[in-house]
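Below is one structure; the comments refer to it alone.
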Amino acid sequence: MPRFLEYLLIAGYIAVLLVVSHWIGQCAYNWMPVEATAEAQKVDSLFSFLTSIGSFIILGLVGMMVYSVLFFRAPKNDYSEGHPSRGDIKLEILWTATPTLLVLWIAFQGFNIYQQLNILGLGQIVHLHTPLELEAPAYASEEQPKPAAETIDVFVKQWDWSFRYPNNVTSKELHLPVNLRTRLNLHAKEVLHSFYVPEFRLQQYIVPGREIELVVTPTRIGQYKLKDALFSGTYFALMEANVHIESPQQYSQWLSQAQSESASMENQAVAEYMQPPRTMLKSNWYTVVPEQSAIARSATPKTNANERKVMNDT
Amino acid sequence: MIHNPSENLAQNREPETDSENNWRQYFSFSTDHKVIGVQYMVTTFIFFLIGGLLAMLIRAELITPASNVVDRPLYNGLFTLHGTIMIFLWIIPFNAGISNYLVPLMIGARDMAFPLLNAISFWMIPPSGLLLISSFFLPNGTAQSGWWSYPPISLQIPPGQPINGEFIWIVSIVLIGISSIMGAVNFVTTIFWMRAPGMTFFRMPVFVWSVLSAQLLQLINLPSLTAALILLLFDLSFGTQFFKPLENGDPIIYQHLFWFYSHPAVYIMALPAFGIFAEVLPAFSRNPLFGYRSLAVASLGIAFVSIFVWVHHMFTSATPSWMRMLFMVTSMLVSVPTGVKAFGWTATIWRSKLHLETPMLFAMGGAAMFLLGGVTGVMLAAVPFDIHVHNTYFIVGHFHYIVFNTITMAIFAAIYFWFPKITGRMYAEGWGKLHFWLTFIGANLTFFPMLPLGLQGMVRRISSYDPRYQGWNIVASLGGFLLGVSILPFIANMVGSCLYGQKASDNPWFATGLEWTTTSPPPRDNFAEIPVVKRPPYDYGDPKYSVIEPPDYHQQEH
């Protein structure tokens, strides 16, 4: 085959790869759940970018392997050499330098989008203070908490979420006003948990004894699920709570309604502990007993002087 | 500097037995690195089958959204032991086994540097493994806190039971770790000091380079895990408070100590797999390994960078921004030497004369699927994306593309490739190909669905789930059962061929490398005469060296 024809074919192959990988990158938006925060759009565009690059690399190399399998087969019992080329220093420098630049570009994009999560009003991710710092040093006081329209306390224990609203209403459901910055103060009782709403594209571990803050601005009215993403023991799979994003009017309406109603909802883990589901294999191994308590009791704010303050705005 | 002190160092070995193929030697405290290698491989394969059965039970539970096959404590025990067995009793010790068998042969040594230590390293594995599995029969069962054993969840144990699943788990992992450290000392010493005359570092096969890199990681990073587990044991059994958050301990410190080993552990598992690709691909494409030096050095590069990436497992665990950004960049940098390897393999295959025997199928299949594992790995290093999919099935999918679809495929490639050398017999090619296709299809059916499930937000380690995730879960479960079935032709082939296979020649693949210059199986002291190496590795392109000459040929040459 003439040299230039070969180059032409390679150029054509790369062009096709570029188009196809760009298309796959666009499809990637559909693989994600709906976007319920402004941050979610940013994360999705990063994912789409990563998918395009990844598809280009995978399809490029797998394409070469498949081509080899189709066209470079040896006749049976021919064990003579393929070609004697042991390397090509230019090519090796090229394929070391290219991924290095590519990776730096990806890291830059990641950093950029991470910063944009900040610009969208979601501040510094973590301020970690040592437990012995009872009096905050001067630098800490410079870090003003970001203003938020609402503050909701989130309490999590084995295996139950509960939420306390500004008017001291407690509920088993997380209600958030749309387009308003809401601060979530996360408190865990005994083990680590992780606050995760897939539609928000954010996740944060909650560590007992540390005060962790998360500021979210939901943008899409609807009902979602809050999950515990970090394994937390026997009834881990039941650690879900409903998240309602509503208009500010509906939100305040719900708040006043909830105040008059007693919030009692069955704790699924307790129900299952009392009456375990029928399973084919039963071990009856030990489990921590889920505690059925009034929400108010579990929602007692911590007054631990040693509590470490971690502000976490994603 | 080339030494050949193997004659001196390997003095404390037992005298040669009269029968080389005496099967009883495999049940003895043999100090022959080849016997120990086979002992490791067969033992760990049994653990692989147990780990696989646990995985199939997990997939049986997940075929429906409700919890209806195993109760929740048992489910938690299943995934904990599945992960623990597959990592600590299958891949890592299997790699130790295959490396044990091959490294002395490949560098032209008569044995490992410390044969007795070698035997002790192996003999710690079966009791530790049995101890771990025996915890299933404790009244309150096995450890249930995942293979990470994060405190404080791992400290929640039945009151008044000093011997509990978690206790047994910690003790077995510490013992296995000690075995690994002893093995690592042995490998590093052997590779540095036992090479045959002329076997310079840049004449070593890439497999030896990758074993060296992996074992250096064991030496540097494993003590951190051991320390973490011993502190955890103190918290668990002796009332200390290292990791108890409500008593001024810090559970996040455990995560740092744990991942300081357990991230590099992925490379301890993957590097030998990359080494296997570097041996198998050139042999079956009849090409020299493209860019040999850069591939060799990339092994060390991967090992070095992987020491500084552990925090990417902790992006969401109260980790400050600067740390997130720093570890995002270091994590992504691992893809540079890894990419060099992938490009090198592809270029080796390009314009070659491909022979698609079973080892080649497994190597090419593994290398191709590694691309998906690697690309999803780079995605996960990007902090904003990781914050979304952390602890979801996306991680599980990515991880299994590495540990099963790449590493276990490479292990199968290695078994088929060196089977004639180890047993002196050929395996049945048809059965091997059947095994490959069942594995390749089964593996992709099992692990690909996990990626979309994770993107959709299905959390890992849950025993029941939202019905909207069921579709992909059915595919994954059926794939998992197919994967279980795929192992049957392999077992039949291995056992049958061991007993009745056609006799193999010394070098059935016409491969280069010192291990192919000795008989199949090799004699007790590996070589009739220690070879003198005077040429670069992977001489497939040079017609003069396309066929292996006996060692004395090279002495006459100059």
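Chain naming here is simple, since letters A, B, ... match the order of the sequence lines and numbering starts at 1 in each.
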Chain B contact via Val207(A) - which portion, at a heavy-atom distance below 4.5 Å | side chain
Just wondering, do Leu74(B) and Trp285(A) contact through their side chains at under 4.5 Å, heavy atoms?
-> yes
Where is the tightest heavy-atom contact between Ala237(A) and Ser463(B), given as atom of each residue plus distance?
-> CB-N, 3.7 Å
Most chain A-contacting option - heavy-atom pairs closer than 4.5 Å, from Asp386(B), Ile157(B), Leu138(B), Ile153(B) = Ile153(B)
When rounded to the nearest 0.5 angstrom, what distance separates OH in Tyr150(B) from OG in Ser232(A)?
-> 14.0 Å
Is any side-chain N of the basic residue among Lys353(B) and Asp78(A) closer than 4.0 Å to the acidic one's carboxylate O?
-> yes
Interface check, chain A: of Asn140(B), Thr348(B), Asn76(B), most non-hydrogen pairs under 4.5 Å belong to Asn140(B)
Shortest non-hydrogen contact from Pro288(B) to Ser85(A)?
-> CG-O, 3.6 Å
What distance separates Asn77(A) CG from His355(B) NE2, expressed to the nearest 0.5 Å?
-> 8.5 Å
Check each atom of Val69(A) against the heavy atoms of chain B and say whether the ones under 4.5 Å are side chain, backbone, both or neither.
-> both
Most contact-rich option vs chain A, by heavy-atom pairs under 4.5 angstrom, among Gln144(B), Gln456(B), Glu61(B), Arg293(B), is Gln456(B)
Ring center gap for Phe290(B) and Trp95(A) short of 6.0 angstrom = yes
Considering all heavy atoms, the nearest Tyr114(A)-Ser321(B) contact = OH-OG, 3.1 Å
So which heavy atom on Met328(B) is nearest to which on Phe111(A), and how close?
-> CE-N, 3.4 Å
Taking every non-hydrogen atom, the tightest pair across Pro151(B) and Leu192(A) | O-CD1, 3.7 Å
Given a strict heavy-atom distance threshold of 4.5 Å, which part of Met332(B) is in contact with chain A: side chain, backbone, both, or neither?
-> both
Determine, using ring centers only, whether Phe47(A) and His388(B) are less than 6.0 Å apart.
-> no
Close side-chain approach of Val70(B) to Met280(A), heavy-atom, < 4.5 Å | no
Segment of Glu240(A) engaging chain B (4.5 angstrom heavy-atom cut-off) | neither
Do Thr346(B) and Met65(A) come close enough that some side-chain heavy atom pair is under 4.5 Å?
-> yes
Do you know which of Ser294(B), Ala381(B), Gly374(B), Gly339(B) has the most heavy-atom pairs under 4.5 Å to chain A?
-> Ser294(B)
Considering only heavy atoms, which portion of Ile53(A) lies under 4.5 Å from any heavy atom of chain B: side chain, backbone, both, or neither?
-> neither
Can you say whether Leu372(B) sits under 4.5 Å from chain A via the side chain, the backbone, both, or neither, judging by heavy atoms?
-> both
Engaged part of Glu357(B) at the chain A interface, taking heavy atoms whose separation is under 4.5 Å | side chain
Quick one: do the Arg86(A) and Tyr292(B) side chains pair a donor with an acceptor below 3.5 Å?
-> no
Whatever's closer than 4.5 Å to a heavy atom in chain A on Pro337(B) counts as neither
Student check: side-chain heavy atoms of Asn287(B) and Glu81(A) closer than 4.5 Å = no
Distance-only donor-acceptor check, side chains Thr316(B) and Tyr196(A), under 3.5 Å | no
Distance, nearest 0.5 Å, that separates CE of Met379(B) from CZ of Phe49(A) = 10.5 Å
Assert top hit (heavy-atom pairs under 4.5 Å, partner chain A, pool Gly457(B), Pro158(B), Gly291(B)) equals Pro158(B)
Measure the shortest side-chain to side-chain distance between Val459(B) and Asp228(A) over non-hydrogen atoms and say whether it is less than 4.5 angstrom.
-> no
Roughly how far apart are His390(B) NE2 and Leu202(A) CG, rounded to 0.5 Å?
-> 13.0 Å
Toward chain B, the part of Leu46(A) with a non-hydrogen atom under 4.5 Å | side chain
Euclidean distance, Glu190(A) CD relative to Leu246(B) CG, rounded to 0.5 Å = 8.5 Å
Residues Arg210(A), Asp250(B): salt bridge by 4.0 Å N-O rule | yes
Under 4.5 Å heavy-atom distance to chain B, tell me which part of Pro277(A) shows up: side chain, backbone, both or neither.
-> side chain
Could you tell me which of Val375(B), Val383(B), Thr376(B) has the largest number of non-hydrogen atom pairs under 4.5 Å with chain A?
-> Val375(B)
State, without any angle test, whether Thr279(A) and Asn68(B) hold a side-chain donor-acceptor pair at a distance under 3.5 Å.
-> no
Find out whether Phe79(B) and Phe231(A) are in side-chain contact, i.e. whether some heavy atom of one side chain is under 4.5 Å from a heavy atom of the other.
-> yes
Val378(B) and its side-chain contact (heavy atoms from CB on, under 4.5 Å) partner, picked from Leu102(A), Ile57(A), Ile106(A) | Ile106(A)
Is there side-chain contact between Pro452(B) and Trp31(A), with heavy atoms separated by less than 4.5 Å?
-> no
Please flag which part of Ser55(A) lies under 4.5 Å from any non-hydrogen atom of chain B: side chain, backbone, both or neither.
-> neither
State plainly whether the residues Asp71(B) and Arg278(A) are in salt-bridge range, i.e. N to O under 4.0 Å.
-> no
Which answer fits Leu238(A), side chain, backbone, both or neither, if we ask what part of it has an atom under 4.5 Å from a heavy atom of chain B?
-> side chain
I would like to know whether Glu92(A) and Lys341(B) meet salt bridge (Lys or Arg N to Asp or Glu O under 4.0 Å); could you show each step before the answer?
-> CA-CA 10 Å; Glu92(A) 285 168 53; Lys341(B) 291 210 168 233; over 6 Å; no
Polar side chain donor-acceptor pair, Asn391(B) to Tyr205(A), under 3.5 angstrom | yes
Chain B contact via Val288(A) - which portion, at a heavy-atom distance below 4.5 Å = side chain
Could you give the distance from OG (Ser464(B)) to CD (Gln268(A)), rounded to the nearest 0.5 Å?
-> 8.5 Å
Would you check if Trp350(B) and Ser68(A) make a side-chain contact, meaning some heavy-atom pair closer than 4.5 Å?
-> yes
